[in-house]
Protein chains: 2
Amino acid sequence: MPLKADLDAIDWKILRELQHDGRMTNVELSGRVGISAPPCLRRIRRLEETGIIRGYRALLNAPALGLDVVAFCLIGLHHQADAELKTFAERTRGWPIVRDAWMVSGESDFLLHCVASDLGAFQTFVIEELASAPNVDTVRTALTIRRVKDEGLVAFSEVRP
Amino acid sequence: MPLKADLDAIDWKILRELQHDGRMTNVELSGRVGISAPPCLRRIRRLEETGIIRGYRALLNAPALGLDVVAFCLIGLHHQADAELKTFAERTRGWPIVRDAWMVSGESDFLLHCVASDLGAFQTFVIEELASAPNVDTVRTALTIRRVKDEGLVAFSEVRP
DNA sequence: CGCTTCACGCAAGAATCTTTCGTGATTTTG
DNA sequence: CAAAATCACGAAAGATTCTTGCGTGAAGCG
């Protein structure tokens, strides 16, 4: 699956544009990348089918929705055997407060990106769910103050052909 | 700006659907949320204009694009006065490897979400750019092994009216 | 009770999407 | 080297979707 695809300059332009505005119409996009609409649509489909484009997502304004707390949690487990790692990973999927979760190497075993309506809800989650979950050793939390950069996943100045 | 909006159940359904598939057509979306296309489009526009929907983004498959390293960096500064924080925040915007950055409270001052083509590129960045940047005290890195959860920003079971 | 306000949905015109097909450039093959 | 095959582009057309302009009915208010 993670086979390296061979993308030309137009494909990279398409990816950059769709990463910036995922709802751009195909005609608008085709104009920006310098080809006509049909081949542009074919390229989009190909990028989707090969899994290079994993999907599209609306970005929401958390504070405006009453979600005032964004935090990251670094989790250390007592035992890091494969089964234990999978068990904890599965557990994160049942916690709605956890939006993204990564298994990491280093001082911690997992990094959790959390969103909660307020500090009380977040603390309740940390104390009653996270820290009291089986096999959890350490929980370090970092409350976010504000986002200072917000780009897409891929920077093109580093990877473009 | 972060004024709390009053959204009804249909608005929440729209947000949930667009967070799951940001490129869904308006007619498809209107069918899913149970209203006709015109009022559905008007709701989308309103959510966009009020800033509740911040934008749309294509999600890319980093490994397929030759980006094999995703890591998080926790940065501690020597001095945390407002000017120094702003200076470092500004600096993160000039680093293409840094995709998202948060100012945080806790043991560290910033959390950086980084993507690089390989370990060498990442280590070069950490040593030559990050750790040697002015005012940087500590750099702790967590290399990601795999993503174990990947939802949108907002969980609706926690906040829906 | 009557007025205002608001959001819905129908309908129609504009824009877009999507397919089909012919052309030219590049590559492969004999 | 020439012929065949492959590939992607772009024009054109039909299907779908977007977008606007009303008309209607339900709530809120004087």
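Protein chains get the first letters and strands the later ones, always in sequence-line order, with residue 1 at the start of each. Heavy-atom basis, side chains included; hydrogens, waters and symmetry copies ignored.
- For the pair B:L41 CG and D:dT16 C1', the interatomic distance rounds to 15 Å; values are reported in whole Å.
- Taking atom CD of A:E28 as the reference point, atom P of C:dC17 lies 10 Å away to the nearest angstrom.
- Comparing the helix axis at one end of the helix from C:dC1-D:dG30 to C:dG30-D:dC1 with that at the other, each defined from 5 consecutive pairs, gives an inter-axis angle of 30° (nearest 10°).
- Between the P atom of C:dT16 and the CG atom of A:L29 lies a distance of 13 Å, rounded to the nearest Å.
- The side chain to side chain contact (heavy atoms under 4.5 Å, CB included) search around B:R42 returns B:P38, B:P39, not counting sequence neighbours.
- Evaluation of the ring pair (Phe, Tyr, Trp, His ring centres under 6.0 Å) test over residues 41-76 of chain B, restricted to residues two or more places apart or in two chains, returns A:W102-B:F72, B:F72-B:H113.
- Summarising the geometry, the separation between CG on B:L7 and P on C:dA7 is reported as 12 Å, rounded to the nearest angstrom.
- With salt bridges taken as basic N to acidic carboxylate O contacts below 4.0 Å, one links B:D11 and B:R46.
- In summary, B:R43 and B:D8 engage in a salt bridge, as defined by a charged side-chain N under 4.0 Å from a carboxylate O.
- Rounded to whole Å, atom C1' of C:dC8 lies 18 Å from atom CZ of B:R45.
- By the side chain to side chain contact (heavy atoms under 4.5 Å, CB included) test, A:L143 is found to be paired with A:V69, A:A71, A:L119, A:F122, B:S105, residues two or more places apart in sequence or in another chain being considered.
- Residue pairs meeting the salt bridge (Lys or Arg N to Asp or Glu O under 4.0 Å) criterion with at least one partner in residues 118-132 of chain A, sequence neighbours excluded, are absent.
- Residue pairs meeting the ring pair (Phe, Tyr, Trp, His ring centres under 6.0 Å) criterion with at least one member in residues 125-144 of chain A, sequence neighbours excluded, are A:W95-A:F125.
- Taking atom CE on A:M24 and atom P on D:dC18, their separation rounds to 16 Å, with Å as the unit.
- Remark: P of C:dT18 and CZ of B:R23 are 9 Å apart, rounded to the nearest angstrom.
- Applying the salt bridge (Lys or Arg N to Asp or Glu O under 4.0 Å) test to pairs two or more places apart or on separate chains, those with a residue in residues 26-35 of chain A are A:E17-A:R32, A:E28-A:R32.
- Every residue meeting the side chain to side chain contact (heavy atoms under 4.5 Å, CB included) condition with B:L77, not counting sequence neighbours, appears here in chain and number order: B:I75, B:Q80, B:L85, B:F88, B:D109, B:F110, B:N135, B:V136.
- A straight line from CG of B:N26 to C1' of C:dA14 spans 15 Å, rounded to a whole angstrom.
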Give me the distances for all protein-to-nucleotides 7-11 of chain D N/O pairs that come in under 3.5 Å?
unit_1 : atom_1 : unit_2 : atom_2 : d
D:dC9  : OP1    : A:R43  : NE     : 3.0
D:dC9  : OP1    : A:R43  : NH2    : 2.4
D:dG10 : OP2    : A:S36  : N      : 2.8
D:dG10 : OP2    : A:S36  : OG     : 3.3
D:dG10 : O6     : A:R42  : NH1    : 3.4
D:dG10 : O6     : A:R42  : NH2    : 3.3

